[in-house]
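For reference, the structure discussed in these notes is given below.
The chain is numbered in sequence order, starting from 1. We use all heavy atoms of the structure for the numbers below, so side chains are in, but hydrogens, waters and symmetry mates are not. Note that ligands are numbered from 1 as they come in the structure, with each ligand's atoms numbered from 1 the same way.
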Amino acid sequence: MRKQQNPDYSVPIARAELAPLPYAKNALAPHIGEQTVELHYEKHHRGYLNKLKKAVADKPEAQQGLLDVIRTQEGKVFNLAAQVFNHDFYWRSLDPDGGGQPSGDLASRIDRDFGSFQQFASRFLEVAKGHFGSGWAWLVAANDGRLRIVDTHDADNPLTRSQTPLLTVDVWEHAYYLDRQNDRGRYLQEVLEHLLDWDFAARNLKEAAQRS
Ligand code: FE2
């Protein structure tokens, strides 16, 4: 499925709506079960947006778009806004027909910057699995033009470092505990093998190149 690239973040927070899931809630099963997606999207993701709206109500930030809030705010408001973005990006990083390997320019860049796709994959799993506590693992295009794997804590994301995110995987326990209990490694292995949307990553890379 060719999914909407990213939501329109110019909409003021006061009027922002949760971006729809780009597939049915049972579409990622058996790797990520329907109940996990239901809770993750309806409770956690929607909860972050609702709490954000409440936190900025009657303040000037309510008239800012989500990316402006992420770039200008700190503390609770930053955390809530970043979690809305991170989850939008996570759902779009996955696809029921995903997995496999990238092709074209993205594949060449991965070979150049990591040695091979296999080396990228094992490093990505190592970073994501080894991340201490709650957070995110990302494939990003860094400012020097190279692709990098980064992990961020809690709600933090690559936008705060002016890096361009290409793909992300949520490593908060709520992303996998119902399906895999404490086996984060198995969740990550299945996401990598069956769900990562390399077309989404390739389009993000292309858009970043057009902007620079
Ligand atoms: Fe999450």
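Its side chain within the 4.5 Å cluster rule, Leu39 clusters with Leu178 among the Ile, Leu, Val, Met, Phe, Trp and Tyr residues.
By the 30° and 60° cut-offs, the orientation of the rings of Trp91 relative to His40 is perpendicular.
Taking each heavy atom of Leu192 and Ala121 in turn, the nearest pair found is CD2-CB, 3.7 Å.
Around the Fe ion (ligand 1), the protein atoms of type N, O or S that sit closer than 2.8 Å are His40 NE2, His87 NE2, Asp170 OD2, His174 NE2.
Here the rule is side-chain hydrogen bond (donor to acceptor under 3.5 Å, both in side chains) with Asp113, and of Arg146, Gln119, Arg148 only Arg146 fits it.
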Show the numbers, then the answer: is there a side-chain hydrogen bond (donor to acceptor under 3.5 Å, both in side chains) between Asn86 and Gln83?
CA-CA 5 Å; Asn86 295 350; Gln83 282 294 74; 3.2 Å; yes
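With ring centers used as reference points, Tyr90 lies 6.0 Å or more from Trp138.
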